[in-house]
Amino acid sequence: MLDRRLVREEPEKIRQALDKRGYEFDLDTLIATEAQRRELLKAVESRRAEKNELSEQIGDTMRTGGAAALKERSTQIGIELAALEQELDEAEERFDQMMAELPNIPLDEVPIGESEQDNVVMYEMGEPPKFDFAPRPHWEIGEQLGILDFQGAARMAGARFVTDVGAGATLERALINFMLDTHTRKHGYTEVFPPYLANERSLFGTANLPKFEEDLFKTTDGYYLIPTAEVPLTNMHQDEILNAEQLPIYYAAYTACFRREAGAAGKDTRGMVRVHQFHKVELMKFIKPEQGSEELEKLVKDAEVILQALELPYRRTQLCTGDMGFQPQQTFDLEVYCPGLDRWLEISSCSQYGDFQARRCNTRYRPQPQAKPEFVHTMNGSGVAAGRTLLAILENYQQESGTVVIPEVLRPYMGGMAEILPEIP
RNA sequence: GGAGAGGUGGCCGAGCGGCUGAAGGCGGUCGCCUGCUAAGCGACUAUGGGGGUAUAAGCCCCCAUCGAGGGUUCGAAUCCCUCCCUCUCCGCCA
């Protein structure tokens with residue numbers, strides 16, 4: 001959420017941001033609503049002041065009698081007030097609703113563009129493997145080895161699910177452990193193991209609500225399944241005032257992530273590219289405003305370390321204004337090359353939000369011990385997505401015989417296993 | 001799930017219809033005192049919003065906020081209702 005003062009004082013800044021994003025939004029109505037809201041507020045407050053004044057007088061007059069006329073007058077004002085208050089409430093609700101659906105303002109350095117086509121590839125790392133056979137997609141490799149079960153998952157749950165079996169399950173767990181260990185032991189993150197369900201307020205905090213409800217699973221009790229650990233992590237300090245010395249705070253969490261993929265019908269339907277439940281290690285930071293870009297850069301590098309250690313070919317892109325999500329000021333993606341799919345696959349998305357989420361979560365800090373609290377800034381990124389990494393390993397490390405070599409760094413996490421051979425059922 | 005207790009400022013805690021935006025304490029800031037330190041004394045010390053003045057800060061007025069929402073009343077932290085959360089006991093349970 002943006003600072004409401006921007007609407008009044010610098011609406012052009014918002015208008016420019018919307019233009020850059022190519023985002024449809026009725027800014028003029030928002031501005032008009034804000035003006036109307038303030039007019040009503042003034043009217044309401046002056047009547048309340050009058051009423052308070054009368055009540056005080058009534059208190060004083062009670063003993064000597066003769067408060068009846070004052071009471072009468074006060075009741076009259078009360079009636080006027082009730083009508084005005086209702087108008088104000090309505091204006092406020094309209095305003096809040098629109099504010100909640102206004103996207104963040106991209107940083108100046110974000111490339112301007114309309115779509116994915118305009119994203120900027122910053123660099124590529126690692127060499128795609130060379131095969132003297134046609135590399136196969138991960139679902140073929142996985143099913144043949146008996147380590148990925150799509151049919152079974154479809155029967156027990158439905159389309160867009162996968163079950164890891166045997167060495168497949170061990171491999172995904174190894175990836176998770178390797179990632180968590182690296183981030184907590186080498187990069188200074190505090191490990192967090194949060195709930196997988198969150199309440200409406202928390203989803204609002206990360207701005208998944210109200211605008212993106214159709215992407216989420218909701219329980220009959222009104223909980224939401226988290227679409228990413230970003231949700232619990234960003235809400236760890238709701239309504240708190242942190243000390244300046246605590247910042248920056250680094251959190252790393254492994255969680256399952258649940259997405260309805262409602263808008264993705266027909267897209268990536270095969271394999272485990274796009275599933276309703278996937279697993280991911282997430283990195284998240286609470287920082288002081290001035291630490292923004294520098295900390296994001298470190299976060300991206302922390303994620304890259306994982307891909308480098310796994311010796312997977314990847315590239316880093318910067319998303320253009322048109323392709324960036326609703327919440328970020330700036331986003332960098334890491335994409336891993338998958339020979340079987342013959343495409344670059346997003347495996348991490350690292351974004352900084354400024355105070356956009358902190359304002360919604362009401363997470364503040366005191367710059368100085370006595371100073372007024374200010375909103376912290378937040379950022380997060382995958383470090384990295386385990387399911388897609390597993391997929392990438394299968395495709396990059398596949399052998400002509402159908403087996404898959406296990407990356408060096410993962411072997412200690414797999415009881416020394418060096419190669420995945422067919423599971424014997 | 002059942003029974004009970006409770007949610008008040010940065011923290012602890014009093015208040016149970018007007019004199020309470022909130023006693024008292026802790027913590028903090030400034031000043032006094034003091035050979036140093038400790039102790040002591042005094043003043044100040046919630047947040048958000050609207051307006052005025054000034055526009056470097058500041059100063060003044062008003063409104064709201066005592067878990068959230070609603071109600072009673074001229075007037076609610078205080079009374080009533082609903083919901084949320086915490087704690088204790090019982091039940092169930094990986």
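The basis for the numbers below is simple: all heavy atoms, side chains too, and nothing from hydrogens, waters or symmetry mates. Every chain is numbered from 1 and lettered A, B, ... according to where its sequence line falls, protein lines coming before strand lines.
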Determine the contact category for S55(A): base if any of its heavy atoms lies under 4.0 Å from a base atom, sugar-phosphate if only primed atoms, P, OP1 or OP2 are that close, otherwise nothing. base

Quickly work out the K71(A) NZ to G18(B) C1' distance and round it to whole Å. 12 Å

Say you pick atom C1' in C33(B) and the same atom in C41(B); how far apart are they, in whole Å? 8 Å

OP1, OP2 of G75(B) versus side-chain N and O of K51(A): anything below 4.0 Å? yes

To the nearest Å, give me how far apart CD (E240(A)) and C1' (U47(B)) are. 17 Å

Testing the basics here: between H138(A) and E395(A), what is the closest heavy-atom pair and its distance to 0.1 Å? N-OE2, 2.8 Å

Spacing of the P atoms in G67(B) and G21(B) (rounded, Å): 16 Å

Between L242(A) (CG) and G10(B) (P), how many Å, whole number? 14 Å

Atom OH of Y223(A) and atom C1' of C84(B) are separated, to the nearest Å, by 10 Å

Base, backbone or nothing for each nucleotide of nucleotides 49-55 of chain B, written B, S, -, heavy atoms under 4.0 angstrom, 5' to 3'? BSS----

ring-ring contact (aromatic ring centres under 6.0 Å, His included): pairs with one or both residues in residues 140-165 of chain A, sequence neighbours excluded: F161(A)-H276(A)

Sequence neighbours excluded, which residues qualify as ring-ring contact (aromatic ring centres under 6.0 Å, His included) partners of H183(A)? H187(A), Y189(A)

Between side-chain atoms of residues 97-114 of chain A and protein atoms elsewhere (two or more places apart, or another chain), which donor-acceptor pairs fall under 3.5 Å?
from	atom 1	to	atom 2	distance (Å)
N104(A)	ND2	Q327(A)	O	2.8
N104(A)	ND2	Y353(A)	O	3.0

Both N52(A) and E56(A) contact RNA chain B. Taking the nearest nucleotide for each, which residue is further toward the 5' end? E56(A)

Pairs where residues 252-261 of chain A contributes a residue and the test side-chain hydrogen bond (donor to acceptor under 3.5 Å, both in side chains) is met, not counting sequence neighbours: E261(A)-R274(A)

Whole Å only: how far is the CD atom of E245(A) from the C1' atom of G28(B)? 13 Å

Within this structure, what is the CG-to-P distance between N243(A) and C11(B), rounded to whole angstrom? 12 Å

Taking only residues two or more places apart in sequence or in another chain, which ones pass side-chain hydrogen bond (donor to acceptor under 3.5 Å, both in side chains) with R48(A)? E85(A)

When you compare A76(B) with G17(B), how far apart are their P atoms, in angstrom units rounded to a whole number? 14 Å

Closest-nucleotide ordering on RNA chain B, the 5'-leading residue of V44(A) and I241(A): I241(A)

Roughly how many Å is it from CG in L81(A) to C1' in U73(B), rounded to a whole number? 15 Å

Taking G15(B) as the reference, what is the distance to G69(B) when you measure between their P atoms (whole Å, please)? 25 Å

Not counting sequence neighbours, list each pair that qualifies as a side-chain hydrogen bond (donor to acceptor under 3.5 Å, both in side chains) and has a residue in residues 158-173 of chain A. E172(A)-H279(A)

Can you give the dot-bracket line for RNA chain B, using ( ) for pairs inside the strand, [ ] for pairs that cross earlier ones, | for pairs with another strand and . for unpaired bases, where Watson-Crick and G-U count if both distances are under 3.5 Å? ((((((((.[[[..)..(.....]]]((((((.......))))))((((((((....)))))))).[[[[[..)....]]]]])))))))....

What one should report as the nearest heavy-atom pair of F278(A) and P227(A) is CZ-O, 4.2 Å

E72(A) has an atom CD; how far is it from atom P of G75(B), in whole Å? 13 Å

Taking G2(B) as the reference, what is the distance to G75(B) when you measure between their P atoms (whole Å, please)? 37 Å

Nucleotide nearest R364(A) when distance is taken to its side chain, options U47(B), C62(B), C74(B): U47(B)

Which value, in whole Å, describes the distance between the P atoms of nucleotides U20(B) and C36(B)? 41 Å

Using the P atoms only, state how far A3(B) lies from C62(B), rounded to an integer number of Å. 48 Å

If every non-hydrogen atom of L209(A) is compared with every non-hydrogen atom of E200(A), which pair is closest and at what distance? CD1-CG, 3.6 Å

Not counting sequence neighbours, which residues clear salt bridge (charged side-chain N to carboxylate O under 4.0 Å, His left out) with E87(A)? List them please. none

Inter-nucleotide P distance (A68(B), A64(B)), Å rounded: 15 Å

Between I31(A), L27(A), D19(A), which is the residue that forms a side-chain contact (heavy atoms from CB on, under 4.5 Å) with I14(A)? L27(A)

